[in-house]
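Here the structure is a predicted model, which is why all the values come from computation and not from measurement.
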Amino acid sequence: MRNFDRSRRLFLPISARGDGSAAGLRGARGPRATAGERIGWTLAVAAPLAFLGVFFAWPVLTLLARGLAPDGVLDLGGFGEVLTRPRTWRIIGQTLIQATAATVICVVLGIPGALVLYRRRFPGRGLLRGVVTVPFVLPGVVVGTAFHALVTTGGPLGGLHLDGTRTAVIAALVFFNYGYVVRNVGTMWCRLDPRAVEAARTLGASAWRAWRTVTLPSLLPAVASAAATVFLLCATAYGVVLVLGGTGAGTIETEIYQLTARYLDLRAAAVLSVVQLVVIAAALWVGERARRARQAHLALRTDVPATPLRAADAPALAVTALTICGLLVAPMAVLVIRSLRRAGQWTLANYADLSTRGGDNALLVSVWEAAGNSLRVAAAATVIALAVGVAVCLVLSRNPRSRLLARGVALFDAAFMLPLGVSAVTVGFGFLITLTPMGLTRSWWILPLAQAVVAVPLVVRTLLPGLRAIDPRQREVAATLGAGPGRVLADVDGPHLLRAAGLAAGFALATSLGEFGATSFLARPQGPTLPVVVYRLVGAPGAQNQGMGLAAGVVLAVGAASLMLACERLQTRPPRRDR
């Protein structure tokens, strides 16, 4: 064990050593940037900022101005009025408690899940990955309905009296976001060079100590990134909170919706939007500090094979199995069972009616037509989100020597996380206010653009950990040997970028397919997306419409899982070897 303690520094990342190597590396000067490089990096910064400014900052700031300066003069009196209401602080407290609890549970359960599903090999692993993915793309209204069926009187868990409680809401939030932690941490884990752990074991470290002192520090940047994203997603959840939560489970998001859509109180809604931005900024700051404290240049590989399950994996396997069966499968099973019943009878009528417009013509198009529109919109949104996200990640993955540039990069990073934490109601309503006079809300492209705004942060958070972990000396050596900027990107960053591109594309597709908040404001009646149709059917009167809504939810889940599995297959496919 002493040999392990003395030699641990040999396999720690450069940035974790105390011998000044990292400082020497930062002090080294690479080749001077050419005019072409400057133009390329300028475009990589300017194009994403222009996208964010036009399709996010402008609509959001316009809506805030309508509430805080209705007559063209800034009036901050609304802050004093809204922030002195006891209801406001109760809502803020509930939001923070629910989001924090759900994030902690997701991380605690997600790390064992990442080990089992990404570092181990066993039959059915791909299917389980799909099961873990499905909750992330389900509309909140459908999930709320499924959980309500579990905990309501007469349901399987009705005896626990969880209906309308904070516990039910937190469980639903974990249901949604568990897969996000598993996939982000697992994607990094399956690329870590195993030789460091093997060296630790050879030097006498136990499996637990090797994991705690070698593997966990390498995973912490990915864990911090995933946790920050999950917190923002939980803090801005709307549909599931509205369906499941009673008076003790409302959030800032649901309050903004009610103030905007029900009471048209833009002043109070604007104040709460600013409060939400403050919460987001604090979460981003904490997540960034945690990431920077553990950031390291890791020895990543794209061909690390998964190993068979071991006896030591029994605890992680048990936790993962209980989570998947008890938390993920049970609500989904309820959803499927309810979609196969109508008026107390088992039937396939709910699925057969998906080609119709529902009872009493509740819809203007059939569910299948809405599904086709969703796929087209999601595909376009994914292309936009990947183009913007890759440019953002290339900028954020660099380590500028100038302290001023480093702060600029940090602000650039925070700016592209804001869409995750701003109310979707604010974004959608802002689109209507700013883009309607220009006629853009009548264009088909308005939906892909709105959905891309929401998907870009997830693309960035999926691609960035791997790029940041690349040792910058690899780029410097390639440039010193005569490789141009394009060749350096292709040979050094390219393999890692392509490795995670499948996962990023899958998350972008999933986010676009399940996005409901902004889409509900912008989708035209003749061209709705599938989540909008599900919401309308579930809320429409009549057993036929409600049954069709549940069946459409199942179709959405199966379709999104299939797309995600296809993207992940591209990500995990072994690289071709030249003969």
Run the side-chain donor-acceptor check on residues 317-336: report pairs under 3.5 Å with partners two or more places apart or on a different chain.
from	atom 1	to	atom 2	distance (Å)
T320	OG1	A316	O	2.8
T323	OG1	V319	O	2.8

- Message: Would you say Q451 and T519 are linked by a side-chain donor-acceptor pair, where the criterion is simply a distance under 3.5 Å?
- Response: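 A donor-acceptor contact under 3.5 Å links the two side chains.
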- Query: Can you name the nearest heavy-atom pair linking T382 to A508, along with the distance?
  - Reply: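 Shortest heavy-atom contact: OG1-C, 3.7 Å.
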- Message: Can you list everything that forms a side-chain contact (heavy atoms from CB on, under 4.5 Å) with V558? Sequence neighbours excluded, please.
- Response: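 V554, S562.
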- Query: Which residues pass the side-chain contact (heavy atoms from CB on, under 4.5 Å) test with L52, sequence neighbours left out?
  - Reply: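 If we apply the side-chain contact (heavy atoms from CB on, under 4.5 Å) test to L52, skipping adjacent residues, the hits are F56, A415, F416, P419.
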- With E255, which of R90, R87, Q276 fulfils side-chain hydrogen bond (donor to acceptor under 3.5 Å, both in side chains)?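 The passing option is R87.
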- Item | Within 6.0 angstrom of R85 CZ, more than 12 heavy atoms from elsewhere |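 Counting neighbours around CZ of R85, more than 12 heavy atoms of other residues, nucleotides or ligands fall under 6.0 Å, so yes.
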- Query: Distance-only, no hydrogens or angles: does the S273 side chain make a donor-acceptor pair with backbone N or O of A269 under 3.5 Å?
  - Reply: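 Looks like yes, one N/O pair under 3.5 Å.
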- Backbone N/O of T251 and side chain of T254: donor-acceptor pair under 3.5 Å: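 Confirmed, T254 side chain pairs with T251 backbone.
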- With sequence neighbours left out, what residues match F55 under ring-ring contact (aromatic ring centres under 6.0 Å, His included)?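 So F55 forms a ring-ring contact (aromatic ring centres under 6.0 Å, His included) with F51.
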- Message: Applying ring-ring contact (aromatic ring centres under 6.0 Å, His included), can you list everything that pairs with F175, at least two apart in sequence or on another chain?
- Response: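 Counting only residues at least two positions away or on another chain, F175 forms a ring-ring contact (aromatic ring centres under 6.0 Å, His included) with F147.
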- Task: Working to the nearest 0.5 Å, report the span between CG of L49 and CZ of F412.
- Result: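 Those atoms lie 4.5 Å apart.
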- Mind checking whether V460 and L396 have side chains closer than 4.5 Å, heavy atoms only?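 The answer is yes; the side chains approach within 4.5 Å.
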- Query: How would you list, by chain and number, every residue that makes a side-chain hydrogen bond (donor to acceptor under 3.5 Å, both in side chains) with R119, sequence neighbours excluded?
  - Reply: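 In terms of side-chain hydrogen bond (donor to acceptor under 3.5 Å, both in side chains), with neighbours along the sequence ignored, R119 is linked to no residue.
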